[in-house]
There are 2 protein chains.
Amino acid sequence: MPVVAPAMPLQGESARPGVSLHDELLVALRDYIVEGHLADGARVPERQLCERFGISRTPLREALKVLAAEGLIDLLPNRGARIRELGSEELRELFDVMGGLEALAGRLACERISDAEVAEIERVHHDMYRFYLRREMHGYFQCNQAIHRMIVEAAANAALSATYASFAGRIRRVRYSANLAKERDRWGEAMREHEMILDALRRRAGNELSDILFLHLRNKRKAAQAEASA
Amino acid sequence: MPVVAPAMPLQGESARPGVSLHDELLVALRDYIVEGHLADGARVPERQLCERFGISRTPLREALKVLAAEGLIDLLPNRGARIRELGSEELRELFDVMGGLEALAGRLACERISDAEVAEIERVHHDMYRFYLRREMHGYFQCNQAIHRMIVEAAANAALSATYASFAGRIRRVRYSANLAKERDRWGEAMREHEMILDALRRRAGNELSDILFLHLRNKRKAAQAEASA
DNA sequence: TTCCTAAAAAATGAATGCAAAAGATCGGCA
DNA sequence: TGCCGATCTTTTGCATTCATTTTTTAGGAA
């Protein structure tokens with residue numbers, strides 16, 4: 001039996017303007033799934049979630065349709081929703097798309113990023129390097145994430161950001177489990193790649209940065225999958 | 001008053017296995033919007049669409065939520081759905097993402113495409129060239145589309161294909177109106193770009209193909225937007 | 001005991017009902 | 001005549017209800 005938290009009535013506080021209940025529910029439910037409260041392949045318990053969020057089935061089902069369209073769950077006719085299982089093949093596909101999106105972000109970023117923004121990324125990069133030298137995995141990881149996020153934001157493309165966020169969500173569930181351990185072996189290599197990323201960004205070398213970012217994600221995925229199958 | 005076709009009860013014929021009514025409705029409604037039956041910024045008439053498709057409001061509203069998540073419509077709280085208007089800025093963003101996705105597709109295609117598949121693309125390319133020489137816009141356009149589609153398919157990445165299709169749908173509405181006329185001036189240039197695409201594909205030069213495809217889309221967008229503002 | 005069948009229970013998919021909010025209509029007033 | 005406000009209508013969002021379908025459970029035969 002899946003553990004369902006006692007009840008979390010979707011804090012129906014002062015209805016913020018422009019934010020419908022449906023949106024809140026969608027976000028809450030997505031988080032609930034991404035954070036791994038439901039096991040892979042598990043049935044999504046409609047009724048229990050209704051109680052959990054204090055709503056009726058109609059809005060919940062609307063949210064489920066959206067999450068299914070996003071690829072987070074599968075919707076089997078007459079058989080309800082299930083948490084989508086990610087085989088290694090699908091995970092490979094998702095990582096490649098993430099790589100493509102980051103490659104695009106890098107390319108676009110080079111076209112419009114300001115010196116100040118580059119300097120900001122440089123700062124985080126150096127923080128990251130210090131964490132690397134001290135072998136502080138967690139801090140390193142935070143900086144790493146921040147740099148990738150900053151590059152996507154520097155691209156200044158809302159459609160790209162939204163798509164990127166969607167894929168990041170789909171992968172996150174897996175990333176948590178697989179990433180940390182074996183990444184260690186690749187640490188030096190990843191650090192070198194990040195040096196190249198920063199260098200290309202400084203020179204506004206879009207094509208180059210694009211290639212590096214794609215391969216960077218490729219390598220990250222390979223490391224994660226080697227870990228997963230080990 | 002928007003012209004709503006008499007009634008098209010979503011041919012509820014022999015329920016195909018694995019395809020729920022909801023899926024069919026989603027496809028039908030998306031097509032209905034993409035094909036331009038509703039004007040930009042127009043209200044989406046819930047009630048009329050229910051009659052149009054012969055269903056109740058519940059499944060229709062579910063479909064609307066999904067289309068809103070896809071970015072085809074805006075959903076204003078207590079104010080219903082509206083066809084999303086695409087400003088030139090947003091259109092630029094969408095084209096850039098399309099370019100990024102095609103760039104990714106080219107890169108991936110180079111990794112795994114077979115000689116036979118390249119030959120097939122080559123064949124369509126030559127058909128296209130013939131249309132170009134004869135100044136037959138329509139045939140040229142068809143071949144053009146086919147080539148891009150084949151490259152995406154050659155990437156063999158379902159997540160990419162789905163995302164690509166989604167963006168293509170969002171752009172299509174606009175593409176119809178803006179594309180054909182001014183594209184003529186760019187015809188020679190576009191043809192040359194396609195030569196480069198094919199060449200890079202033959203040599204399996206992924207990085208190169210990636211850059212060419214991105215710029216190809218960029219130029220296409222510039223031509224379309226120059227046309228739109230003319 | 002084990003397997004198969006049939007009834008009961010639960011779940012899903014879709015329609016309908018209802019309160020609240022937005023929009024439209026009409027009358028009053030300057 | 002033109003503008004503003006009150007009332008009425010329509011629409012929206014969500015809950016509830018109903019018909020099917022699936023899943024579970026109970027019973028009986030080999």
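In what follows, chains are A, B, ... by sequence order, proteins preceding strands, each numbered from 1.
- In terms of modelled atom types and a separation under 3.5 Å, the side chain of A/S210 and the main chain of A/G206 share no donor-acceptor contact.
- Salt bridge present: A/R61 and B/E62 bring a charged side-chain N and a carboxylate O closer than 4.0 Å.
- A cation-pi contact, defined as under 6.0 Å to the ring centre and within 45° of the axis, links A/R170 to A/F167.
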Look for any protein N or O under 3.5 Å of an N or O in nucleotides 5-11 of chain D and output each such pair with its distance, or none.
residue	atom	partner	partner atom	Å
D/dT11	O3'	B/R43	NH2	3.3

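- Counting only distance, with no hydrogens or angles, the side chain of A/Q145 and the backbone of A/Q142 share no donor-acceptor pair below 3.5 Å.
- Bracketed by its first and final contacts, the part of DNA chain C lying under 4.0 Å from non-hydrogen atoms of chain B reaches from C/dA14 to C/dG23 in 5' to 3' order.
- Residues from residues 56-66 of chain B with heavy atoms under 4.0 angstrom of DNA chain D, sorted by number: B/R57, B/R61.
- Judged by the 6.0 Å distance and 45° axis criteria, A/R218 is not positioned over the aromatic ring of A/F95.
- Looking at A/N157, its side chain does come within 3.5 Å of a backbone N or O of B/E93 through a donor-acceptor pair.
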Legend entry - Stepwise side-chain contact (heavy atoms from CB on, under 4.5 Å) check, B/L86 with B/I171: CA-CA 9 Å; B/L86 292 181; B/I171 290 184; 5.9 Å; no
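- By the 4.0 Å N-to-carboxylate-O rule, A/R172 lies too far from A/E35 to be salt-bridged with it.
- Residue B/V44 forms a side-chain contact (heavy atoms from CB on, under 4.5 Å) with just one option from B/L72, B/L75, B/L64, B/D74, and that option is B/L64.
- Between B/R173 and B/D40, at least one side-chain nitrogen of the basic residue sits less than 4.0 Å from a carboxylate oxygen of the acidic one, meeting the salt-bridge criterion.
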